[in-house]
Amino acid sequence: KISGMIPASMRIALVNDVGEGGGTERYLSSLAALLAGKGHTPLLLTGTPAPCAGGQVFPALADDHPSSEGLASVRRALGAFHPDGILLNNLRSPRMMQELMGLACTACFLHTSGYLCPGGAKFWRSSGLPCEVPYSSRCLVYAWTRQCAPRSPIPWLSAYRRTGDFLEI
């Protein structure tokens, strides 16, 4: 047990890309209630309205390519809150993650393999078996030869580039 190292009351920002009421949103809603019950002050920020969690809505959090204005609005909200810690969940933009990571002690949770795999699943679509290929140019070849990604090249190339950006963080 760690005693005396954790402040009795912390300001913790819980940041998520969407608030549609799925598993991550329910988790964050429960976590906010648990933190508040322990005397901490949670702040929930989402990219879309969160019916199960409440919180403040910032559309830039749900954007793959947020504008500078969108980034600044989230930074201002967090700056006004003065968090002791930030818990980032499923942000769609590597740029947004990098911006927010510098504001306080930060933990990033990626609840999907879409950040590690341009195809989004880390499974071969044809067989359903797990893919053991690390992110590389081989992903480009396999997208066509093994159909592990959608056949439309423009969204897939964008996902490939985004995966590379996340892996650089």
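It should be emphasised that the depicted structure is a prediction, and the values quoted were computed from it without experimental measurement.
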Counting C-beta onward and ignoring hydrogens, is there a side-chain heavy-atom pair between [X] and [Y] closer than 4.5 Å?
X     : Y     : answer
Gln56 : Ser73 : no
Glu25 : Thr46 : no
Asn90 : Asn16 : yes

Enter the distance from [X]:[atom1] to [Y]:[atom2] here, rounded to the nearest 0.5 Å.
X     : Y      : atom1 : atom2 : answer
Phe81 : Leu45  : CZ    : CG    : 8.5 Å
Leu31 : His40  : CG    : NE2   : 10.0 Å
Leu78 : Ile86  : CG    : CD1   : 5.0 Å
Leu88 : Cys108 : CG    : SG    : 4.5 Å

Completion exercise
Only one of Glu99, Gln98, Met96 passes side chain to side chain contact (heavy atoms under 4.5 Å, CB included) with Leu91, and that residue is Met96
Is there a donor-acceptor contact under 3.5 Å from the side chain of [X] to the main chain of [Y]?
X     : Y      : answer
Arg75 : Leu100 : no
Asn89 : Leu87  : yes
Asp84 : Met10  : no
Ser29 : Tyr27  : no
Arg95 : Pro66  : yes

Handout entry: Presence of salt bridge, Asp17 and Arg92, under 4.0 angstrom
Key = yes
Could you pull out the closest heavy-atom pair between [X] and [Y], with the gap in Å?
X     : Y     : value
Asp64 : Ser93 : O-CB, 3.5 Å
Phe58 : Ala77 : CZ-CB, 3.4 Å
Ala60 : Leu71 : CB-N, 4.4 Å

Practice task
Find out if a path of hydrophobic residues (ILVMFWY) with successive side-chain heavy-atom gaps under 4.5 Å connects Ile12 to Leu34.
Solution key: no
